[in-house]
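For reference, the structure is listed below as structure tokens.
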Amino acid sequence: MTEPADSPKQDYRDSVFLPKTDFPMKAGLPQKEPGILARWQAADFYTELRNRRRGREKFILHDGPPYANGDMHIGHALNHILKDMVVRTQTLLGKDAPYVPGWDCHGLPIEWKVEEQYRKKKLNKDEVPAVEFRAECRAYAQNWVDTQREQLKRLGINADWDNPYLTMDFQAEATIVAELLKFAESGQLYRGAKPVMWSPVEKTALAEAEVEYEDIVSTQIDVAFEIVEAPNEPSLVGAFAVIWTTTPWTIPVNQALAYGPEVDYVVSEVAGRRYIYALDLEAAFLSRLGVESVDRGYGPLKTGGLVDAFVRHPMHHLGGFFAKPRSMLAGDFVTTESGTGLVHMSPDHGEDDFDLCKANGIDPVFAVEGDGKYRADWLWLGGEGSVINPKFNAPDGPICTALRESGGLLAASADYKHSYPHSWRSKAKVIYRCTPQWFVPMDKATVGATLREKAVAAISDTRFIPEKGRNRLSSMVEGRPDWVLSRQRAWGVPITLFVKKGTNQYLDDPAVNARIIAGVRAKGVDGWSEERAQEYLGPDYALADYERVTDILDVWFDSGCTHAFVLESGRWPDLQWPADLYLEGSDQHRGWFQSSLLQSCGTRGRAPYNAVLTHGFTMDQKGMKMSKSLGNTINPLDLMRDSGADILRLWALTVDFTEDHRIGKEILQGVSDQYRKLRNTFRYLLGALDGFSDPEKVEVADMPELERYMLHLLADMDVKLRQAVDDFDFNNYVRLLTDFANEDLSAFFFDIRKDSLYCDAATDPKRMAYRTVLDILFHALVRYAAPVLVFTSEEVWQTRFGADVDSVHFSDWPEVDAGWIDTKLAENWGRIRGARMLANELIEPMRRNKEIGSSLEVEYSYSGDAGEIDLAEIFIVSTVHLGREEGAVKTANHKCGRCWRHLPEVVDDGALCGRCADVVGG
RNA sequence: GGGUGAUUAGCUUAGUGGUAGACCACAUCCUUGAUACGGGUGGGGCCACAAGUUCAAACCUUGUAUUGCCCA
């Protein structure tokens, strides 16, 4: 067989200027990214950027320290990507935006892990010298800092990784001590008391995390307190308020009773005595008493009848502490879920009790000592215990026996099953016990205003993104109690106070304080030792007269001081105080945002930040919390290994991070598709710009309308992108970019100009104008995309300019000429694009019937006027007839063998049109 | 249990009282020449649910559900 002689189809492909680039469509990010990272690192990228931005306006993002314990998770990844985006966009705008990362290193979780290691080695923490133990904690924290640092680096975060801040640096520890002493010197510190979880076995306070709950059986007792005074209902005098408790040992420390203001009470008579209890709990109460019915002749208790009433302790005959009448107080926490609806209050041994009593001027008495025994001078059961001993609390034990003899015990049985806290370590029962603690007062006026007032004022001076963060922080500051600074632990910054023995008064001498700070600066937290105490006290004070406080600081005080030892210290000369921005998860309203605010307001009278940005939490695909037990966690390390950091970054910057948001397989698939679209846009630009150089450039004034319209769109987007950066609206930022790339470029501009790019002569002014605009677009888009796709943008940059040139990340914001904005032109082109859409709709049925294939086979009639614009080119059809009723027909013209347009001058299918003949011939 | 957010198409999301929009995905057609790509067209929403205010509600009010964060 031979080819038909009449169709010598010539292949013009070689004469067409097709895009040419080595930039691959398949990204291969997991393989490429580490190489790009290594190059940045080798060139000391962070330092170089600092040098280049020196002297520019600053933007200070102050990094909140993650806890140095465990691998990076999705929350860390999101948080750091957002921070990096802030820093990079501000840098792109030309500012000097340093980023010093930090870690929170002290605290119980680390202490606990180290203890766990000790236990595995059969070592007892208490037998190890504290200095040695702290050294282990330090090493443990350092290990996780190093691990997390490498994981965060992999995200492409541009930070001062070689010089991070750690709360356990000696310099940091010394600053924290100095900041604490500022509170002391300004009178914003006092020693008070507070019930804490206490283990009588280990004789130590426990944190919530050190407590586990187990079911036990306790003795439950009902105790009658005789009413001795009832100004609002005098008939109640002589009746008995009945309380119920599962901790009989607290009765010897009772100081008040509480009733529920909303609870309905009744007065009934049993065996000649009148009892008061909640109506809803009558059945259970009577069953404990072992009676079947009562005389309810007294009826319901009048509302307010218990207000201002007093009772007396069943052991009042002992005198002293027990003789004092007990108030009846209204407590919102009193419910009718169990008991009698009346609750006995011991401020020493319960949080509700403590708070209610404190509000009514009743102080704790510290009757139970650290070993769980009543102190020796206690009138009842002095020196006896321990209070957690079941026999001590039993129905036949000493407490119940005495109560029974006094007539106060109505019922007692060792049969109440409930969940009760135990020490995680010893498995022994724990109790609430009031212990001395150090507080920062919220409502004490110092230098004009209280700390609460200063903090509230500072909040109103701060910008919040989103705005609702303001309310959240305000309501917490307005409602919070005094700040408890002390912890009875080992791994932390010491509360470096000397207290005058026999008082609660700490020594306030700046000379002593200066020596203490110097000591901690030299030796870290170990510098606060008994051996060095006299050295700090100096010649003016004798150690024998003082108690050296051995508590450590709440770790929130540590992190609340980061602004002091990072921004102010001078160790990072690029930084300055206050920070422009703090950026953390919404849980930090209670945490770091607040501790930093209070710390700074207490010492500097204002917030350490000008703005606070909060992000939500990452949920699984269905919006459920991620947890290991549900198996719905997404591990960012796996994701980077499988898909690349740029995909993770694009995800973080596409979702609405100000709210809770989701991640999952389907969502990530969508992100990957979006990435591919952007990547392909760059690939096209690189291919279409092959061989482009300055001499080809055309002045904007000489460009066709379409090119000027595109520059208008670019300039318009530029304004919106700047606004998005100012608003930290990254979701919008990325959407502006992708919509522009997809709709304005790929589906419109590139599609229309394909003909010119492929088929016009290299010297054709239209083609030159097109390539000039592509070059402008390239420079703009690669910079816009750089803060988002940090690796891909670098790859694009190097593909165009070679591996030896500067990084794209040293660039400034694109120079987009505001003069390109041409509203009138844009309005006209808006109409043309509308007409183009209509044309597509009219052409579509022909394509669908297989009447035509390509739209270039169409002759289109347009009812309007097009001015100078060649609509055939814009609509991508063969010809447009003006001034006729809108419609499409198949052309009779032949197809040019090179540009595929159907034109009258083409003599036969496959022959050349005039333009192509010139190009090929010339 | 309390406080405080969220809920718009399969996904990511615009939308501050006047006919609910977009990108992606999906279906389908075109494409020798952006080809592990590109273009066209189309379907798809009781705006979580229920009451109320209003001439008119995704939007304002109240409640419910689901779900998050903080606290108890």
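From a predicted model like this one, the values you see are computed outputs, not experimental measurements. Residue numbers start from 1 in every chain, and the chains themselves are labelled A, B, ... in the order their sequence lines are given, proteins ahead of strands. Atoms considered below: every heavy atom in the structure, side chains included; atoms not considered: hydrogens, waters and symmetry mates.
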With rounding to the closest Å, how many angstrom separate the [atom1] atoms on [N] and [M]?
N     : M     : atom1 : result
B:U8  : B:A20 : C1'   : 8 Å
B:G21 : B:C59 : C1'   : 15 Å
B:A22 : B:A9  : P     : 14 Å
B:G33 : B:U41 : P     : 23 Å
B:C46 : B:A58 : P     : 13 Å
B:C69 : B:A36 : C1'   : 43 Å
B:C60 : B:G17 : P     : 8 Å
B:A57 : B:C47 : P     : 12 Å

Name the nucleic acid region contacted by [X], choosing base, sugar-phosphate or nothing; use a 4.0 angstrom heavy-atom cut-off, strictly under.
X      : answer
A:F617 : sugar-phosphate
A:E743 : sugar-phosphate
A:D656 : sugar-phosphate
A:G897 : base
A:Q674 : nothing
A:T654 : sugar-phosphate
A:G623 : sugar-phosphate
A:K622 : nothing
A:R480 : nothing
A:V655 : sugar-phosphate

Do the two ring centres, one from [X] and one from [Y], sit under 6.0 Å apart?
X      : Y      : value
A:F750 : A:Y684 : yes
A:W592 : A:Y582 : yes
A:Y770 : A:F749 : yes

Want to know the stems of RNA chain B: at least 3 consecutive Watson-Crick or G-U pairs with distances under 3.5 Å, which are they?
B:1-7 with B:65-71, B:26-30 with B:38-42, B:48-52 with B:60-64
With a cut-off of under 6.0 Å to the ring centre and 45° to the axis, is A:R753 in cation-pi contact with A:Y758?
no
In whole angstroms, how far is the [atom2] atom of [N] from the [atom1] atom of [X]?
X      : N     : atom1 : atom2 : answer
A:D755 : B:U32 : CG    : C1'   : 16 Å
A:L736 : B:U12 : CG    : P     : 19 Å
A:Q621 : B:U67 : CD    : P     : 17 Å
A:R470 : B:C70 : CZ    : P     : 22 Å
A:N731 : B:C24 : CG    : C1'   : 14 Å
A:L630 : B:G68 : CG    : C1'   : 14 Å
A:H589 : B:G68 : NE2   : P     : 19 Å
A:Y675 : B:U12 : OH    : C1'   : 19 Å

Of all the choices, B:A6, B:C69, B:C24, which nucleotide is nearest to the side chain of A:D673 once you look at every atom?
B:C24
Minimum-distance nucleotide (side-chain atoms of A:R590 versus B:G10, B:C24, B:C70)
B:C70
Evaluation steps, salt bridge (charged side-chain N to carboxylate O under 4.0 Å, His left out), between A:R847 and A:E851:
CA-CA 6 Å; A:R847 198 164 15 213; A:E851 197 182 331; over 6 Å; no
Do the side chains of [Y] and [X] get nearer than 4.5 Å, heavy atoms only?
X      : Y      : value
A:L678 : A:T738 : yes
A:R649 : A:L789 : no
A:R915 : A:R901 : yes
A:Q669 : A:S643 : no
A:R463 : A:L613 : no
A:L777 : A:L714 : yes
A:K625 : A:L630 : no
A:W651 : A:H661 : yes

Sugar-phosphate or base contact per nucleotide [nucleotides 35-41 of chain B; S, B, -; heavy atom under 4.0 Å]:
SBSSSBB
Both A:D739 and A:D660 contact RNA chain B. Taking the nearest nucleotide for each, which residue is further toward the 5' end?
A:D739
Nearest-nucleotide wise, let me know which of A:R13 and A:I852 is further upstream toward the 5' end of RNA chain B.
A:I852
Quick one: is B:A34 close enough that its OP1 or OP2 comes under 4.0 Å of any side-chain N or O from A:Y758?
yes
Under 4.0 angstrom between A:K665 side-chain N/O and B:C11 OP1 or OP2
no
Using 30° and 60° as the class limits, which term best fits the ring planes of A:W829 and A:F748: parallel, tilted or perpendicular?
perpendicular
Using a strict heavy-atom distance below 4.0 Å, which residues from residues 643-653 of chain A are in contact with RNA chain B?
none
Does either side chain, that of A:E859 or that of A:T891, offer a donor lying less than 3.5 Å from an acceptor on the other one?
yes
